[in-house]
Engineer: 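Pasting in a structure now, in structure tokens, and then I'll have a few things to ask.
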Amino acid sequence: MAHIAPFEVMEIQTLAREVEARGRDVVHLEIGEPDFRTPRPVVEAAKRALDEEPMFYTSALGLASLREAIARFYAERYRVEVPASRVIVTAGSSAALLLAFGVLLDPGDEVLLADPGYPCNRHFVRALGAVPRGVPVGPASRYQLTPDLARRHWGERTRMAMVASPSNPTGTMVTREELCGLASLAREMHGTFLSDEIYHGLTYGLEAPTAAEAGEDAFVINSFSKYFQMTGWRLGWMVAPADFVRSIEVLAQNLFISPSTVAQHAALACFAPATIAILEERRAELDARRRFLVPALESLGFGIPVVPQGAFYVYADSSRVAPDSFAFARELLVEAGVALTPGKDFGANEPQKHIRIAYTQPVARLEEAVARIGKLLGR
Ligand SMILES: Cc1ncc(COP(=O)(O)O)c(C=O)c1O
């Protein structure tokens, strides 16, 4: 436990609730989940399933019909053939990540990942007795691990490299060439490449390429949480290399038994045209928020050297407006009623100079937040 830090954003949320309890309005820009409700057709499918389907455990690999639907989604959205036998349904992508690390890592093995990056990954790796190696990344590589950087940091004990694209906290992406380069580097090093694609679908102006294209030996992680707006249902999936499916099944049987049955029935409605139409409207709404927020923050003195093209985060350099992002986040919350996440959550690479803002609120609330930040900064 000494190596597993608290999720700072949760601490900010607790403080935000205290501030609200004192009667102050708080604009919540700290939370990493969309403010939209689960699409109606998905909720209706869940209700029907509760009435009509048995709610027993499913196979540890998930409902066959859902695995097939996900395989079809790859054919339709990405034009990539993925057999349903390689699709494994999990309790959120969190379970998919834990299962993948679980079958791949021995104690002492190292994993290369971008710093800043999603904090839970390093803690999953630590929990297995393996070692997360944060590679400092910045604007020059769009805050992403590139094949060059991975090659430079690949050591004796390195077993795998991973990316999340679009990234949390930066919203930036890797290119198709970089994905393929990382997959082939891992192959050359007799290691494994893992691609976290949970923000796929939430990209603005371009589509994110999937590592399922980069070879059948890559691990591809995805989720119903973000694009499909089902965070609390706890459902995700992974596309695994064929020769790992059996070990993952055995580990999943033991760690989870099976993913949520009602959530799996509900998720079958995710790929229906009526659901996709709702989700695409919401994607446009998120893009409008992004287009408001990025220039507004820049005009307050925040640095955004790479415009985020996906997810719902802006990772801004706050060093020109405040020397310590952690103290700034607390002051902003207590004095101005705006909650955001200090860089500290995302690694050791200049965290005090950065903040993450999640545009998970309507434009009117973002305008209010920008006005409050401006007032606190005397702009
Ligand atoms: C990059 C990334 N990966 C994985 C997850 C886990 O999400 P879930 O377990 O809801 O699929 C998150 C959640 O915020 C994330 O940002």
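The chain is numbered in sequence order, starting from 1. Whatever order the structure lists them in is the order used to number ligands and atoms, beginning at 1.
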Engineer: Which atoms of ligand 1 sit under 4.0 Å from any heavy atom of Ser93?
Structural biologist: 4 (C), 5 (C), 6 (C), 7 (O), 8 (P), 9 (O), 11 (O)
Engineer: Give me the ring orientation class for Phe101 and Phe124: parallel if the planes are under 30° apart, tilted from 30 to 60°, perpendicular past 60°.
Structural biologist: tilted
Engineer: Can you tell me if Ser165 and Glu197 form a side-chain donor-acceptor pair at under 3.5 Å?
Structural biologist: no
Engineer: Output yes when the distance from some N or O of ligand 1 to some N or O of Tyr313 is under 3.5 Å, and no in every other case.
Structural biologist: no
Engineer: Numbering the atoms of ligand 1 from 1, which are under 4.0 Å from a heavy atom of Gly92?
Structural biologist: 9 (O), 11 (O)
Engineer: Report yes if the distance between the aromatic ring centroids of Tyr78 and His200 is under 6.0 Å, otherwise no.
Structural biologist: yes
Engineer: In the protein, which heavy atom is nearest to atom 3 (N) of ligand 1, and how far is it?
Structural biologist: Asp196 OD2, 2.6 Å
Engineer: Contact between Phe224 and ligand 1, counting heavy atoms under 4.0 Å?
Structural biologist: no
Engineer: I want to check something: taking the side chain as every heavy atom from C-beta on, are Arg133 and Leu113 in contact at a cut-off of under 4.5 Å?
Structural biologist: no
Engineer: Do me a favour and list the nearest non-hydrogen protein atom to atom 10 (O) of ligand 1 with residue, atom name and distance?
Structural biologist: Ser225 OG, 2.6 Å
Engineer: Considering both backbone and side-chain atoms of Asn168, is one of its nitrogen or oxygen atoms within less than 3.5 Å of a nitrogen or oxygen in ligand 1?
Structural biologist: yes
Engineer: Are the side chains of Ile357 and Glu30 in contact, using a 4.5 Å heavy-atom criterion?
Structural biologist: no
Engineer: Quick one: does ligand 1 sit under 4.0 Å from the side chain of Arg234, the backbone, both or neither, non-hydrogen atoms only?
Structural biologist: side chain
Engineer: Quick one: do Leu279 and Gln229 satisfy side-chain contact (heavy atoms from CB on, under 4.5 Å)? Show the steps, please.
Structural biologist: CA-CA 8 Å; Leu279 298 175; Gln229 286 143 31; 3.8 Å; yes
Engineer: Could you check whether any side-chain heavy atom of Ile278 comes within less than 4.5 Å of a side-chain heavy atom of Pro41, counting everything from C-beta outward?
Structural biologist: yes
Engineer: Looking only at protein heavy atoms, identify the closest one to atom 14 (O) of ligand 1 and say how far it is in Å.
Structural biologist: Lys226 NZ, 2.7 Å
Engineer: Just heavy atoms, cut-off under 4.0 Å: does Ser94 contact ligand 1 by side chain, backbone, both, or neither?
Structural biologist: both
